[in-house]
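In this text the structure is predicted, and so the values were computed from the model without any measurement.
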Protein chains: 2
Amino acid sequence: MNEKPVRSGNDAAAGERPRRRQARGERRIAQLLEAAASVFCSTGYTAASTNAIAREAGVSPGTLYQFFPNKEAIAIELGDRLVHEMRETYGEALAPVEPGTPLEEAVAAAVDRFIDFNCRHPVFFALMHGPDIPGRIAEEHDALHATLLSRVEVLLSRFMPDAAAGDVARTAQVCLSVYKAALELVLGHEGAEREAYVRELKDLLVRYLTPLTAARAGAPAGVPLRNTP
Amino acid sequence: MNEKPVRSGNDAAAGERPRRRQARGERRIAQLLEAAASVFCSTGYTAASTNAIAREAGVSPGTLYQFFPNKEAIAIELGDRLVHEMRETYGEALAPVEPGTPLEEAVAAAVDRFIDFNCRHPVFFALMHGPDIPGRIAEEHDALHATLLSRVEVLLSRFMPDAAAGDVARTAQVCLSVYKAALELVLGHEGAEREAYVRELKDLLVRYLTPLTAARAGAPAGVPLRNTP
DNA sequence: GGCAAACACGAGCAGTCACTCGCGTTTTCC
DNA sequence: GGAAAACGCGAGTGACTGCTCGTGTTTGCC
């Protein structure tokens with residue numbers, strides 16, 4: 001926010017000098033990011049042309065490049081803002097697990113928050129899981145994925161304290177991948193059908209994880225726990 | 001195979017006259033498809049340039065267009081051949097389910113065959129699940145998906161005979177999506193780790209489906225069966 | 001051998017893309 | 001009010017794409 005006014009003697013310090021954005025500029029940036037989100041969402045990153053983004057935003061190509069050095073920077077800025085909001089969301093979604101909380105509730109709470117976030121920002125899915133994203137966004141996605149993974153591992157190790165670290169990591173990976181797959185189904189449906197898929201996802205995760213946690217208190221039948229040796 | 005020799009009077013019948021391929025030509029086609037598979041696999045469909053495919057195959061761009069009318073046709077031919085082999089594979093994988101076969105075995109058999117196929121043909125995943133595929137391939141993928149879906153539904157309805165049709169369809173969708181997600185994990189690992197993920201996928205599916213089938217013979221505890229009304 | 005068709009080449013064409021540049025307009029700061 | 005900077009424009013540039021075409025070589029058939 002509080003940018004220093006243009007300094008004397010600071011002109012050619014770094015390759016990129018911080019431009020003094022006016023309110024108008026900030027508005028344009030938001031406008032352009034919104035347009036980019038729309039275009040990325042409907043056509044994917046590579047197929048989205050900067051001219052199309054500018055047109056969608058109602059400005060000229062030249063104006064777009066007044067605020068972003070290149071196409072990748074648009075996706076990066078968009079990704080940054082989404083990841084920022086995402087970190088807040090999943091911080092709440094995964095962090096506070098009361099020791100007594102049953103698995104079913106923990107899963108339901110996490111799933112509900114993540115699904116809600118992804119439904120509100122469909123671009124996020126397109127940007128993060130597209131196969132044609134630029135290297136920088138991929139890094140960001142990997143970082144976010146790693147963070148999520150370790151969070152899920154912590155959550156899991158609370159429910160399955162006597163499992164090998166490798167098994168916990170693998171289980172967490174499976175959970176995230178399954179979530180991603182189900183998210184695609186959820187985003188592809190509306191209303192009641194969408195909610196049915198959400199319920200299905202919760203059931204799926206709970207049934208997958210329950211036998212692992214069951215070792216804590218007298219394994220209740222079902223599929224036998226299979227520990228990889 | 002047995003192509004009729006060039007017919008007299010059949011010259012300008014349709015817009016496309018069937019060229020008499022020589023053995024050399026068939027070899028080039030196989031060569032080009034192999035190169036295309038490699039390039040598609042590593043860069044995706046849109047990013048793959050026809051010049052790059054030709055270069056990978058060691059021929060000139062003009063030669064490529066002697067056998068394929070356009071870039072899409074390359075992907076289509078490749079997809080056709082893969083789908084053809086796929087149909088044979090999953091025909092065996094899903095068709096014959098003995099009435100007494102336990103769920104665990106049926107799932108394991110299907111998963112093993114599909115995983116094997118996808119590991120032998122990594123292009124298949126890239127072509128079918130890429131977001132930038134041309135319309136024609138998408139149709140083919142949708143058709144294959146629909147076929148697989150109905151097969152899985154038939155298989156499922158044998159294990160859960162007293163479920164609503166909508167629930168069965170949804171369950172089948174979830175199974176396929178989960179398979180797809182796990183496939184990505186499997187393809188991303190090697191050796192023992194890969195096998196561990198395969199086992200995880202089987203467990204996941206069995207645990208997901210077991211409570212649904214349990215209604216047949218005195219529900220053995222675990223997560224209660226939740227029927228959507 | 002000879003001829004037509006299939007095969008092979010690679011420079012080049014039209015089209016699209018990300019991005020630039022010169023110039024005019026609006027805002028900010030004194 | 002006036003200078004400087006930020007904003008805004010859109011035709012244009014170079015690179016790359018899918019694809020063509022004229023020309024030369026190899027193959028199959030008589």
Does [X] have a side-chain nitrogen or oxygen under 4.0 Å from the phosphate oxygens OP1 or OP2 of [N]?
X      : N       : answer
R21(B) : dC7(C)  : yes
T63(B) : dC7(C)  : no
Y65(A) : dT20(C) : no

Checklist entry - Looking at residues at least two apart in the chain, or sitting in another chain, which of them share a salt bridge (Lys or Arg N to Asp or Glu O under 4.0 Å) with K180(A)? => result E184(B)
Next on the checklist: Just to verify, which of E195(B), E193(B), R194(B) counts as forming a side-chain contact (heavy atoms from CB on, under 4.5 Å) with Y197(B)?
Outcome noted: E193(B)
Checklist outcome for this item: The contact string for nucleotides 23-30 of chain C, one letter per nucleotide 5' to 3', using protein heavy atoms under 4.0 Å with B, S and - for base, sugar-phosphate only and none, comes out as ---BSSS-
Checklist entry - Do you know the tightest heavy-atom contact between K71(A) and A48(A)? => result NZ-O, 2.8 Å
Next on the checklist: Could you report the tightest heavy-atom contact between V39(B) and A52(B), atom names first, then the distance?
Outcome noted: CG2-O, 4.4 Å
Next on the checklist: If you assign R28(B) and P61(A) each to the DNA chain C nucleotide with the nearest heavy atom, which residue ends up on the more 5' nucleotide?
Outcome noted: R28(B)
Can I get a per-line list of side-chain donor-acceptor pairs under 3.5 Å for residues 115-128 of chain B, giving both atom names and the distance, sequence neighbours left out?
{"unit_1": "D116(B)", "atom_1": "OD2", "unit_2": "R120(B)", "atom_2": "NH1", "d": "2.5"}
{"unit_1": "N118(B)", "atom_1": "ND2", "unit_2": "F114(B)", "atom_2": "O", "d": "3.0"}
{"unit_1": "N118(B)", "atom_1": "ND2", "unit_2": "Y179(B)", "atom_2": "OH", "d": "2.9"}
{"unit_1": "R120(B)", "atom_1": "NH2", "unit_2": "E85(B)", "atom_2": "OE2", "d": "2.9"}
{"unit_1": "H121(B)", "atom_1": "NE2", "unit_2": "E85(B)", "atom_2": "OE1", "d": "3.2"}
{"unit_1": "H121(B)", "atom_1": "NE2", "unit_2": "E85(B)", "atom_2": "OE2", "d": "3.2"}

Checklist entry - Of all residues at least two apart in sequence or in a different chain, which pass the side chain to side chain donor-acceptor pair (under 3.5 Å) check with N51(A)? => result none
Next on the checklist: Donor-acceptor check, side chain of S177(B) to backbone of V174(B), threshold 3.5 angstrom: yes or no?
Outcome noted: no
Next on the checklist: Please classify the nucleic acid contact of G25(A) as base, sugar-phosphate, or nothing, using heavy-atom distances under 4.0 Å.
Outcome noted: sugar-phosphate
Checklist entry - Above 12 or not: heavy atoms from other molecules or residues under 6.0 Å from CD of E77(B)? => result yes
Checklist entry - Would the number of heavy atoms belonging to other residues, nucleotides or ligands and lying under 6.0 Å from CD of E34(B) be above 12? => result no
Checklist entry - Among residues 66-82 of chain A, which contact DNA chain C at a heavy-atom distance under 4.0 Å? => result N70(A), K71(A)
Checklist outcome for this item: R27(B) atom CZ is separated from dT26(D) atom P, nearest whole Å, by 14 Å
Checklist entry - Between atom CD in E26(A) and atom C1' in dC7(D), what is the gap in whole Å? => result 13 Å
Checklist entry - With a 3.5 Å cut-off and no angle check, do the side chains of Q31(A) and R28(A) form a donor-acceptor pair? => result yes
Item to check | Test item: side-chain donor near acceptor, Y208(B) and E200(A), under 3.5 Å | outcome: yes
Next on the checklist: Any residue in residues 43-57 of chain B with a heavy atom nearer than 4.0 angstrom to DNA chain D? Just list them by number, or reply none.
Outcome noted: A48(B), S49(B), T50(B), N51(B)
